Amino acid sequence: MDVLGHFNYWVAIALAMVGLYAVTARGHLIKKLIGLSLFQTSVFLLFISIGKVSGGTAPIIAEGFTVYSNPLTHVLILTAIVVSVATLAVGLALTVAIKRTYGTEEDDEIEALDRAEDEQ
Amino acid sequence: MFLAAAAALLATMALGLTRAFAGPTVYDRVLAVNSIGTKTVLLIAVLGFLMERPDFLDISLLYALLNFIGTIAVLRFIRQRRGPVGN
Amino acid sequence: MVLDVLSWITISAGAFFILAGGIGLIRLPDVFCRVHAAGLTDTVGAGLMLTGLMLQAGATLVTVKLVLIMVFLIFTSPTASYALAHAALLDGIKPWTKADRKERKP
Amino acid sequence: MLLVFVLATGIAAVWLRNLLASAMLLGIYSLLMAALWVVLDAVDVAFTEAAVGAGLTTALMLFAIWLTGRQEKPPVRKPWFPLAGALITGGLLIFGTIDMPKFGDPQAPAQVHVAPYYLENAEAQTGVPNVVTSVLASYRGFDTLGEVTVVFTAGMGVVVLLGGLRRRRRTDET
Amino acid sequence: MKDYFVLRVMAKLLIPFILLFGFYVQMHGDYGPGGGFQAGVIIAAALILYAIVFDVGPARRVAPMWMLVALSCIGVLLYASVGVATMMAGGQFLEYGVLAHDPAHGNHLGILIIEIGVGVAVAAAMLMIYFSFAGRR
């Protein structure tokens with residue numbers, strides 16, 4: 001159990017904590033989306049850290065290298081990044097639509113407006 | 001030698017980060033983004049030499065081409081927003 | 001051998017300029033001065049460092065790519081600085097003058 | 001070193017209440033992440049991060065902020081409950097990492113299953129030296145088809161949400 | 001934004017290079033880092049730069065919305081149709097080995113075609129997203 005051997009995983013977990021905190025504690029929807037993307041990158045970091053082989057190089061076959069890092073995790077994360085941007089865009093579009101409908105983008109105010117509508 | 005250059009770049013990135021965290025106005029932060037972008041271009045190039053895989057240069061070429069789009073987007077944002085002037 | 005020494009000199013000079021730019025980023029008083037520090041030393045420092053790397057690489061495809069990076073950096077970095085300074089001016093931030101220093105001193 | 005930078009940037013991006021500044025810090029975060037991927041040998045991932053983070057994310061964030069609002073309101077409640085939840089989750093996850101193999105271990109379970117097969121056979125079977133591309137497009141082609149469909153659906157979803165097509169049709173009629 | 005001389009000149013100077021680099025990444029993805037996803041995003045970024053500097057209207061004339069929708073559909077369908085083609089040729093879905101006489105060549109060809117499909121789809125989808133954000137006033 002040494003510190004250096006697990007440091008990458010811990011940073012990934014800390015990032016996940018920050019993201020989780022932002023998603024749950026912050027009321028502003030765009031801030032929630034920022035937290036969400038932090039959470040996503042923490043997962044990316046975890047995967048790439050798992051895929052790294054010490055002493056290896058990038059998995060592009062070339063002469064003079066025998067040890068390569070794991071290409072599988074790279075593939076998974078590569079597509080995940082593009083998808084994460086797409087989902088971020090969908091989230092932002094939803095935020096804009098909510099702003100247009102409710103006139104606010106704070107969580108609590110939207111809930112209050114909903115409740116007021118139910119009571120009517 | 002490459003290690004020393006990478007260390008200098010990392011130190012400068014740390015300085016830029018402090019400016020980004022402390023920056024009194026938004027523009028300080030934009031400036032920090034811009035300057036850290038240039039440092040990243042150089043850092044990736046130097047790292048490519050350090051790991052003896054110079055085909056990493058494509059990435060820094062891409063950053064050199066694309067990095068200023070964000071700043072121009074900020075300029076456009078400021079031009080379009082006729083709202084209150086704040087921090 | 002001569003090339004090696006030359007490239008070391010240029011790389012260390014580039015690193016020095018970049019560090020100076022970083023310190024300027026911290027020490028200077030307002031956005032416009034900082035744009036100056038960052039932009040100027042970025043082009044000089046980056047140019048010197050890339051030249052050093054070119055000397056290391058020799059006449060290969062790598063050098064061509066480095067030249068391209070340098071050309072694009074020289075094009076884009078001042079454009080970004082210009083856009084940034086203009087945006088700051090448009091948003092109503094006043095440039096720092098000597099008068100500010102007198103006010104701040106006491 | 002880079003990891004510490006990344007962490008600090010992430011925390012600051014959440015901390016700041018000015019959304020524009022948060023968006024800018026997200027840009028720095030993406031830059032640092034790209035450098036980190038290069039250090040961890042994931043060149044293709046760094047490439048994607050660079051392409052996406054340099055222009056696209058910042059521009060989208062700025063437009064969304066422009067369409068909504070620039071400043072976040074101070075919170076009404078004290079955030080103790082979410083903080084405690086995040087800390088407990090993090091603690092449990094760190095407890096989980098103790099059993100994990102050491103960073104960079106060549107004998108880790110993830111390294112011995114299918115990756116050596118890809119690395120040994122990819123070039124001979126597909127004629128493509130970049131193993132990432134061959135795995136992406138050939139061995140896991142079905143997966144990638146799904147990802148492309150997700151991106152496509154997201155694009156369509158945004159267009160429908162923001163009424164891009166309807167506006168166009170109205171301008172056609174007039 | 002059109003009254004900024006510097007930006008206009010720089011955009012006109014750089015956009016061709018960005019587009020060229022995008023195509024280079026698309027085609028060079030087999031040998032270096034890169035591929036369809038990255039190339040799509042880069043090409044989208046070039047047009048986004050155009051839209052930022054010269055306003056959204058001209059950019060929409062270059063790439064109108066119906067064309068983007070059609071292009072992204074074509075990208076996804078190109079990918080899927082490669083799979084169907086391999087099935088027609090006697091293989092399994094997305095088994096490229098049957099596309100040419102030599103399995104390795106078939107694989108290479110299949111990878112190239114589906115990367116183009118991915119690139120087209122991603123570029124069109126990203127542009128669709130950006131234009132629908134920027135088109136709202």
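Lettering of chains follows the sequences in order, A, B, ..., and the numbering in each one begins at 1. Quick caveat, the model's predicted, so the values are computed rather than measured.
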Structural part of A:Leu94 lying under 4.5 Å from a heavy atom of chain D: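 Interface part for A:Leu94: both.
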A:Ser37, part contacting chain D, at a heavy-atom distance under 4.5 Å: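 Just the side chain, heavy atoms under 4.5 Å.
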What distance do [X] atom [atom1] and [Y] atom [atom2] have between them, rounded to the nearest 0.5 Å?
{"X": "D:Leu26", "Y": "A:Leu38", "atom1": "CG", "atom2": "CG", "answer": "6.5 Å"}
{"X": "D:Leu93", "Y": "A:Leu20", "atom1": "CG", "atom2": "CG", "answer": "9.5 Å"}
{"X": "A:His74", "Y": "D:Leu40", "atom1": "NE2", "atom2": "CG", "answer": "8.0 Å"}
{"X": "A:Leu78", "Y": "D:Thr48", "atom1": "CG", "atom2": "OG1", "answer": "3.5 Å"}
{"X": "D:Tyr29", "Y": "A:Thr41", "atom1": "OH", "atom2": "OG1", "answer": "2.5 Å"}

Chain A contact via D:Leu87 - which portion, at a heavy-atom distance below 4.5 Å: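 For D:Leu87, the contact with chain A is made by backbone and side chain together.
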Quick one: does [X]'s side chain get under 4.5 Å of [Y]'s, heavy atoms only?
{"X": "D:Glu147", "Y": "A:Val82", "answer": "no"}
{"X": "A:Phe44", "Y": "D:Val45", "answer": "no"}
{"X": "A:Leu76", "Y": "D:Asp143", "answer": "yes"}
{"X": "A:Ile34", "Y": "D:Met61", "answer": "yes"}

Which atom names give the shortest non-hydrogen contact between [X] and [Y], and what distance separates them?
{"X": "D:Val151", "Y": "A:Ala86", "result": "CA-CB, 4.3 Å"}
{"X": "D:Gly90", "Y": "A:Ile13", "result": "O-CG2, 3.7 Å"}
{"X": "D:Val52", "Y": "A:Val85", "result": "CG1-CG2, 2.8 Å"}

Crowding at CZ, A:Phe47 (>12 non-hydrogen neighbours, <6.0 Å):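 Open.
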Verdict with supporting geometry, D:Phe47 and A:Ile81, side-chain contact (heavy atoms from CB on, under 4.5 Å): CA-CA 11 Å; D:Phe47 215 91; A:Ile81 286 179; over 6 Å; no
Option that, when pairs with chain D are counted at under 4.5 Å, heavy atom only, ranks first among A:Leu72, A:Leu88, A:Ile98: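 Maximum pair count with chain D is reached by A:Leu72.
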